[in-house]
Amino acid sequence: MSEIIDAKGLACPQPVLIVKKALDVCDEVTVLVDNKAARDNIKRMAEKYGCAVAVKEEQGHVFNMHIKKNLPGNSDACKIITESIIAGIEQGVTAGQTVFVISSDLMGQGSDELGAVLMKAFIHTAAEMDCPPSKMIFYNAGVKLTAADSDVIDDLKALEGKGSELMICGTCVNYFKIGDRLGAGKISNMFDIIDVLSTAGRIVRP
Amino acid sequence: MTLNEKYLIILFESVSRVIQAEKILKKSGIAHKLIPIPKQLNSDCGVCIRFLSVHRAEVIKALEAVEIGELLEMPVSKHKT
């Protein structure tokens, strides 16, 4: 018997994480998801683990995904682990938005030249993530990255296109005098920045 | 970018060479992008320079003075940026 996981309504990347953990102990997992991004991400992950994946589209844009691997597993352990994962999510352990804080146009300290290279690589890679951050906050010299002539402006536009909200510190834009040539994001203020930071589930600062 | 244009990437032996090459390309006004080396490829230096294949000749000429490593086609990725 295989475990059935109801991952409908869960935000990316939770459906993938649940299935991945379930597959660590299960032979077979059936998961229900309600969006194409979750379906595609789960399929890719499961196939990477050498599983066979069968997808059926049910009513109301629900995808029933049956994932089966070749290695033997323990169905009791499977049931316990998936229940505990779901309970953890219901308790809000992994809830909350992921927020990237970009406080400089450089990544790390030691060499400014290298720091600029690393930040470009960071933003480019972030734009290619399956589950980009909910929000990105730019302050101090970080706001320079959002200027229309910045080297990463295409990546920032791609992030906006994937649903990331780019919040740019207005004071900083004023200080660096780039208000007339912003290429992405929206001017924000300290009230909104503090609100987002203090309610975030996870803050990533490169 | 039109559909039949491909990206090429140049790998370098060191990050310093990448930085040097980037400066030259910027000065020459040739469209390019510094990106992390695609996962499928291996290199000690984690960044490379990507450009459209139509700029191939210009890029090679501009980078005459820099020791470039490999010139490769960008591996096909699920992502389009």
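Naming: A, B, ... by sequence-line order, numbering from 1 per chain. Nothing here was measured: the structure is a model prediction, and the numbers come from that model.
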### Task
Can you measure from NZ (B:K33) to CG (A:D154) and round to the nearest 0.5 angstrom?
6.0 Å
## Note on the structure
Residues A:A121 and B:P36: closest non-hydrogen pair is O-CG, 3.6 Å
### Contacting region of B:K23 [heavy-atom separation from chain A under 4.5 Å]
side chain
### Query
If you count heavy-atom pairs under 4.5 Å between each of A:L118, A:V117, A:I123 and chain B, which one has the most?
A:V117
### Message
How close do B:K26 and A:D151 get, counting heavy atoms only, and between which atoms?
### Response
NZ-OD2, 2.8 Å
### Task
Report, as yes or no, whether the 6.0 Å neighbourhood of atom NZ on A:K135 holds more than 12 heavy atoms from other residues, nucleotides or ligands.
yes
### Query
Charged N to carboxylate O under 4.0 angstrom, B:E22 versus A:K120?
yes
#### Entry: Top contributor to chain A interface from B:V47, B:L34, B:V18, B:I19 [non-hydrogen pairs under 4.5 Å]
B:I19
### Task
Flag yes if more than 12 heavy atoms outside A:K8 fall under 6.0 Å of its NZ atom; otherwise flag no.
yes
### Query
Should we say atom CD of A:E58 is surrounded by more than 12 heavy atoms from elsewhere, each under 6.0 Å from it?
yes
